[in-house]
Number of protein chains: 2
Amino acid sequence: METYLFWLVPIASILALAFAGYFYKQMMRESEGSPEMQKIAAHVRKGAMSYLKQQYKVVTLVFIGLVILFAIMAYGFNLQNHWVPIAFLTGGFFSGLSGYLGMKTATYASARTANAARNSLNGGLRIAFRSGAVMGLVVVGLGLFDISFWYILLDKCIPADAMNPTAKLCVITTTMLTFGMGASTQALFARVGGGIYTKAADVGADLVGKVEAGIPEDDPRNPATIADNVGDNVGDVAGMGADLYESYCGSILATAALGAAAFIGTGNTEMQFKAVIAPMLIAAVGIILSIIGIFAVRTKENAGMKELLKALSTGTNLSSVLIVIGTFLILWMLNITNWVNIAFAVVVGLLVGIIIGQSTEYYTSQSYRPTQKLSESGKTGPATVIISGIGLGMISTTIPVIAVVAGIILSYWLASGFDFTNIGMGLYGIGIAAVGMLSTLGITLATDAYGPIADNAGGNAEMSGLGEEVRHRTDALDSLGNTTAATGKGFAIGSAALTGLALLASYIEEIRIGLERIGTTLLELPSGISITIREASFTDFMMYYDVTLMNPKVLSGMFIGSMMAFLFCGLTMNAVGRAAASMVEEVRRQFREIKGILEGKAEPDYARCVQISTQGAQREMVFPSLLAIIAPIVTGLLFGVPGVIGLLIGGLSSGFVLAIFMANAGGAWDNAKKYVEEGNFGGKGSEVHRAAVVGDTVGDPFKDTSGPSLNILIKLMSMVAIVMAGLTVSWSLF
Amino acid sequence: METYLFWLVPIASILALAFAGYFYKQMMRESEGSPEMQKIAAHVRKGAMSYLKQQYKVVTLVFIGLVILFAIMAYGFNLQNHWVPIAFLTGGFFSGLSGYLGMKTATYASARTANAARNSLNGGLRIAFRSGAVMGLVVVGLGLFDISFWYILLDKCIPADAMNPTAKLCVITTTMLTFGMGASTQALFARVGGGIYTKAADVGADLVGKVEAGIPEDDPRNPATIADNVGDNVGDVAGMGADLYESYCGSILATAALGAAAFIGTGNTEMQFKAVIAPMLIAAVGIILSIIGIFAVRTKENAGMKELLKALSTGTNLSSVLIVIGTFLILWMLNITNWVNIAFAVVVGLLVGIIIGQSTEYYTSQSYRPTQKLSESGKTGPATVIISGIGLGMISTTIPVIAVVAGIILSYWLASGFDFTNIGMGLYGIGIAAVGMLSTLGITLATDAYGPIADNAGGNAEMSGLGEEVRHRTDALDSLGNTTAATGKGFAIGSAALTGLALLASYIEEIRIGLERIGTTLLELPSGISITIREASFTDFMMYYDVTLMNPKVLSGMFIGSMMAFLFCGLTMNAVGRAAASMVEEVRRQFREIKGILEGKAEPDYARCVQISTQGAQREMVFPSLLAIIAPIVTGLLFGVPGVIGLLIGGLSSGFVLAIFMANAGGAWDNAKKYVEEGNFGGKGSEVHRAAVVGDTVGDPFKDTSGPSLNILIKLMSMVAIVMAGLTVSWSLF
């Protein structure tokens with residue numbers, strides 16, 4: 001048995017963390033610039049850290065509550081594996097740590113980036129990108145570290161004599177999903193809280209500063225400007241880090257669980273073990289190739305925009321090409337059943353990610369017709385900008401959905417050995433495609449995370465008066481980041497859909513374990529045949545629980561799932577609206593009461609604005625996040641297993657489409673405004689520009705709060721369902 | 001056997017048509033007012049009729065294409081019943097006729113309503129409401145007429161000796177669904193085309209007239225004003241008439257088909273017959289009670305707003321209470337199995353409709369907090385109005401979804417005799433709840449349809465200079481209509497969800513017939529057991545086709561279904577945007593080129609604007625409508641039966657929630673603007689008002705184009721799937 005291959009997983013994780021430390025130290029050696037720059041950076045850093053401290057306090061309370069619940073279920077009623085409460089805690093802890101470390105790096109890097117940008121574009125890029133890489137590598141490193149730790153621990157601690165080795169692997173993999181739930185829970189709070197914070201500050205700063213007072217973005221006279229820069233860090237850095245940590249672990253763990261399940265009927269422990277470690281190995285190889293890719297991002301001094309873009313693309317493309325080769329190699333070494341097909345499923349996953357990324361770019365970049373036409377619709381005012389943007393966003397869901405559908409069918413078909421009735425392997429193929437998509441996360445996240453760093457560098461340059469050229473360079477870096485981030489977003493959304501499906505399949509697996517736990521050994525199927533739980537296939541469970549599309553409980557669950565996606569978005573949209581309104585009032589108050597603020601003679605009260613955003617975000621994040629945890633539990637108690645599966649699938653299909661709609665509409669509005677600002681249709685200050693600014697403001701919560709949170713919502717609901725499966729199989733009202 | 005009871009159905013339909021004729025004549029006897037008023041009414045009438053003529057030309061072409069396709073399938077390949085092409089045609093014809101007659105009445109009634117409103121509010125109400133009743137009664141009368149005609153014809157013409165009597169009833173009821181598809185197809189074109197027309201004109205007229213030139217609504221100097229009034233007729237009257245004709249027939253036919261299917265295993269032909277005619281009888285009783293309700297709407301001369309509202313509520317409430325009694329009576333006479341429970345399912349349906357209506361009113365009326373807060377968000381500009389409106393709309397989906405879920409579970413549970421495994425009767429119960437909800441359509445549609453008549457009367461009063469007071473009275477009638485229309489909309493959306501489910505179940509039934517047609521007699525189930533097609537239950541078909549939630553074809557279908565709802569909305573939103581932009585340019589051109597137009601010295605070129613809206617609507621309606629027809633066919637060819645069922649259910653769950661979101665957000669924006677205009681937050685002309693107008697303009701296509709079209713999309717996709725089932729069972733790619 002190729003056991004030795006497993007050790008590649010912890011090794012790769014430590015390698016990732018080591019390189020993250022190296023890049024961090026490298027960045028810290030750079031100069032942070034003038035005292036003024038240092039002061040501003042310290043302001044932002046302090047605000048961001050104090051926000052995170054506050055946020056983690058609230059999350060800790062929620063975690064305490066949930067851990068008590070799990071402890072009662074696990075130790076009191078024996079409805080769960082005894083490791084669940086602890087695994088849940090570590091997942092939350094590491095997800096929070098990813099966000100913290102990424103944000104810490106970002107807040108130290110922004111002034112340094114601004115300072116380096118005083119000399120050259122290339123210098124700025126190097127610092128910003130390497131700092132982004134810290135975040136990318138921390139996320140994947142901690143993820144694989146946590147996975148290997150738990151795998152080794154559980155493998156040692158779960159007694160093998162109590163059950164046969166195949167069943168043992170299933171228990172291990174599904175227990176590990178609990179730490180995925182911890183990560184999801186933390187990530188949802190981070191995304192929702194951070195998203196509300198950043199957009200309340202951004203919308204508030206824009207509405208009063210840019211629109212009413214007519215001062216430019218990041219102007220030090222605007223009291224909300226520090227809060228706005230803090231927001232980029234807590235939302236786009238800490239939130240995204242926690243989010244992708246969760247996606248990464250979720251896809252690997254769900255696929256491992258499916259691998260364990262796929263071979264449960266065969267009794268072939270060796271193949272089952274290989275199927276479990278295959279996703280981890282693909283991820284491990286991906287880490288190494290990401291590091292190579294990161295080093296490949298280099299360009300000559302005084303390079304122009306075009307060369308910089310080429311340098312970035314070289315890095316990500318290199319990693320993508322290498323991962324294909326690496327996957328074939330590692331699966332060949334594992335010699336897993338049907339390995340060529342499974343390797344092709346990885347290619348399918350990568351292609352789906354790339355297609356979604358390209359389509360995102362087409363619909364949201366001002367280089368293409370859709371966004372240009374959106375700008376043009378500003379000629380007839382803000383209302384037509386909104387109508388056209390919503391239309392654009394809705395239409396833009398077509399290509400990603402078709403890509404995901406093709407990905408589902410192809411990866412299933414390949415992994416099943418071209419046999420649609422081979423459900424276990426087919427679902428495993430879908431999981432593998434998701435893992436393939438996220439395997440190079442180390443570098444794709446780096447190209448994504450350096451955007452907010454460049455953005456903050458721009459803010460620092462503006463506030464410390466470094467002059468037009470530096471600001472121009474940081475803007476160029478930021479806009480370069482937008483282009484590469486489109487692909488990154490494609491991978492995030494696409495992987496959420498596929499991971500959601502894999503988690504759903506894991507839920508069925510957890511049902512099996514839950515039934516065994518409450519002492520059920522035989523399933524009596526509707527056909528009258530009885531079958532042992534261990535032998536039961538996916539289809540047998542579907543029959544047993546009547547999870548067909550004509551069961552009213554399934555239908556009810558689906559309606560609730562669709563509704564959850566909309567309700568969740570509605571709550572977060574309104575939260576941003578309310579928090580932004582308090583910010584607007586505060587900024588207006590300061591302009592009114594602090595004399596000399598607009599003349600630059602008096603310093604505004606930045607701290608008060610930071611506080612308002614913090615409080616607003618904390619107050620508003622709790623209800624929608626708890627709702628996501630409660631919905632699957634209540635649905636399970638009412639409608640049992642069929643209701644929960646309906647809920648998950650309704651939430652997944654509606655939530656996925658809704659997430660793309662919101663992300664793309666928001667992105668297009670943002671760039672439509674930029675297109676006008678580039679001098680089209682009258683340029684800055686024209687009526688068209690005013691209309692485009694309205695679109696951009698509406699788009700802010702679309703693309704940075706509600707849209708990305710949906711990705712986590714989809715997965716968190718599945719995770720909660722998995723962890724609560726023990727309860728659901730024991731009791732339901734109908 | 002209580003065969004004689006069936007004759008109540010044609011009798012009620014003729015009664016409805018007779019009273020419609022009576023009310024029409026009564027209205028025509030009233031004076032149309034001054035020559036100026038008559039001239040304007042003639043303008044609007046001519047525009048509306050010429051639009052309908054153009055529209056029906058395009059629809060005829062589409063119908064010719066589809067009938068040829070059906071004829072080839074029916075006569076060439078024997079994939080369909082031979083009556084299908086003809087039934088399809090009559091459905092389209094009667095749906096079109098409902099729209100035509102309703103619109104004709106409305107265009108004759110508006111000037112008469114304005115003229116009567118010169119004397120009293122009550123006089124205006126009487127004419128407008130009775131004219132609305134013409135439409136309500138025409139819709140239900142033609143619907144039941146078509147149903148009885150086909151039932152009698154097929155009962156005579158389908159040879160009973162070829163199959164046993166139970167199978168015969170199934171063939172009859174599912175063939176009749178074909179005329180439902182004809183109605184749906186026509187209705188979709190009517191809703192989409194009419195919706196684009198009316199909103200292009202409305203948005204165009206508002207953007208240039210109100211916002212740029214600062215002239216009031218319906219001002220005769222605005223060249224788009226006639227087009228705007230024509231739009232109310234072609235969108236809100238003809239479109240709605242065709243739409244509800246389709247809902248009404250669809251719910252009755254789907255339920256009849258489920259009734260036939262529920263007893264197919266028992267061989268109890270008598271009970272099967274009763275289950276088939278029960279929904280028709282409930283509808284027939286509903287017609288008679290609607291007529292009673294219409295007569296109950298009366299109030300004393302010079303009644304105030306409050307009394308008028310009371311009069312309207314008395315009518316609808318009376319009908320609702322009576323229909324409960326009537327249902328118990330008719331089901332008792334039928335003595336159908338489990339009749340008490342089935343009667344309670346009707347009550348459930350009525351209650352769900354009422355709850356959705358109340359929730360719609362709460363979220364969209366300016367008498368309640370949500371809309372008032374939406375107005376207040378205008379203080380920080382148009383962007384926050386849009387953000388808050390979208391948030392409000394998304395949150396407002398919660399109560400309707402919970403109501404529908406409760407309705408599904410309860411009506412299923414009741415009709416199944418409290419046994420969830422009794423799927424046939426349970427699904428029949430869901431259908432019966434939908435029929436119950438729509439049973440009093442005669443009067444609910446009257447309270448809905450008189451709104452646009454009052455609106456047009458207001459337009460006529462404004463253009464012919466009848467003075468403030470008349471306009472004030474017609475506005476009051478219009479706003480009264482908005483309140484009652486909220487309940488009407490609740491019934492329309494709720495019934496669409498339940499009917500969609502019933503149609504989905506009928507699809508499975510059609511699969512049975514399709515399989516028999518291609519010569520399959522035995523189903524080999526995955527468990528290894530074979531079963532004859534005639535004996536196969538719903539669950540057996542689900543097993544046979546593996547329609548479980550882990551089948552990748554089902555999942556793919558669901559993603560495509562969700563995407564279809566968004567894509568369809570996006571296309572119609574953009575269509576309105578484009579058509580409105582041409583209107584804006586034309587109005588600007590006329591203001592620029594026709595001298596003296598704004599001083600009221602020269603007459604604008606109304607006809608050109610009517611033409612632009614007509615052409616825009618015709619050009620834009622074809623693609624989205626054809627897409628709705630093509631999607632289920634292509635999905636079927638790719639992924640077979642599991643894919644189609646996934647598509648329908650994905651479209652249903654996402655589409656339902658999306659439809660509520662769009663309708664409520666749009667309604668709330670409309671009334672938030674009215675709330676400001678009533679003098680709150682600065683009133684007309686203030687910054688808040690300008691922001692609220694942006695919201696209202698964005699809401700127009702939400703609530704009057706995309707939202708209501710979704711209702712039909714959901715059902716049309718099911719209808720197409722049913723009619724194409726013969727093809728889907730014969731061949732698919734995967």
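The chains referred to below are lettered A, B, ... by the order of the sequence lines, with proteins before strands, and numbering in each begins at 1.
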Pick from A:Trp413, A:Phe639, A:Phe538, A:Phe541 with the largest number of heavy-atom pairs that fall under 4.5 Å of chain B: A:Phe639
Of B:Phe656, B:Phe568, B:Tyr412, the largest count of non-hydrogen pairs under 4.5 angstrom with chain A goes to B:Tyr412
Chain A heavy atoms under 4.5 Å from B:Ile395: which part of the residue, side chain, backbone, both or neither? both
Selection from A:Arg588, A:Met542, A:Lys379, A:Glu585 maximising heavy-atom pairs under 4.5 Å formed with chain B: A:Met542
Select one option (side chain, backbone, both, neither) describing which atoms of B:Phe661 are under 4.5 Å from chain A's heavy atoms. side chain
Is any side-chain heavy atom of B:Met563 closer than 4.5 Å to one of A:Ile402? yes
Say you draw a straight line from CD of A:Glu376 to OG1 of A:Thr384; how long is it, rounded to the nearest 0.5 Å? 10.5 Å
For B:Ile560, is it the side chain, the backbone, both or neither that has a heavy atom under 4.5 Å from a heavy atom of chain A? both
Heavy-atom pairs under 4.5 Å with chain B are the metric here; pick the option from A:Val694, A:Ile409, A:Leu525 that has the most. A:Ile409
Interface check, chain A: of B:Ala383, B:Ala575, B:Ser706, most non-hydrogen pairs under 4.5 Å belong to B:Ala383
With a 4.5 angstrom heavy-atom cut-off, is it the side chain or the backbone of B:Val698 that approaches chain A, or both, or neither? both
Tell me yes or no: between the side chains of A:Asp419 and A:Ser416, is some donor less than 3.5 Å from an acceptor? no
Are side-chain heavy atoms of A:Ile649 and A:Met558 found at a separation under 4.5 Å? yes
With a 4.5 angstrom heavy-atom cut-off, is it the side chain or the backbone of A:Ile529 that approaches chain B, or both, or neither? side chain
Going by heavy atoms in the side chains, are A:Trp669 and A:Ile390 under 4.5 Å from each other? yes
Which atoms of B:Leu504 are under 4.5 Å from chain A, going by heavy atoms: the side chain, the backbone, both sets, or neither? both
Side chains of A:Ser654 and A:Ser562, donor plus acceptor under 3.5 Å: yes
Check whether B:Thr548 gets within reach of chain A through its side chain, its backbone, both or neither, counting any heavy atom under 4.5 Å. both
Looking only at heavy atoms and a cut-off of under 4.5 Å, which of B:Ser653, B:Gly557, B:Pro701 has the most pairs with chain A? B:Ser653
Does any backbone or side-chain atom of B:Leu549 lie under 4.5 Å from a heavy atom of chain A? Answer side chain, backbone, both or neither. both
Decide, yes or no, whether a salt bridge links B:Arg690 with B:Glu687 under the criterion of side-chain N to carboxylate O below 4.0 Å. yes
So with a 6.0 Å cut-off around CZ of B:Phe623, is the heavy-atom count from everything else above 12? no
Toward chain A, the part of B:Leu648 with a non-hydrogen atom under 4.5 Å: neither
Shorter than 4.5 Å, heavy atoms on both sides: which option in B:Met564, B:Arg578, B:Met550 has the most such pairs with chain A? B:Met550
I'd like to verify something: which residue of B:Asp546, B:Ile508, B:Leu555 has the highest number of heavy-atom pairs under 4.5 Å with chain A? B:Leu555
My understanding is that only one of A:Val641, A:Leu647, A:Val547 makes a side-chain contact (heavy atoms from CB on, under 4.5 Å) with A:Val554; could you say which? A:Val547
Mind ranking B:Ile387, B:Ile645, B:Val385, B:Thr697 by heavy-atom pairs under 4.5 Å with chain A and telling me who comes out on top? B:Ile387
Would you indicate whether the side-chain heavy atoms of B:Glu509 and B:Leu258 approach each other to under 4.5 Å? no
Could you please spell out the steps behind the side-chain contact (heavy atoms from CB on, under 4.5 Å) verdict for B:Leu427 and B:Ile430? CA-CA 5 Å; B:Leu427 293 174; B:Ile430 295 178; 4.2 Å; yes
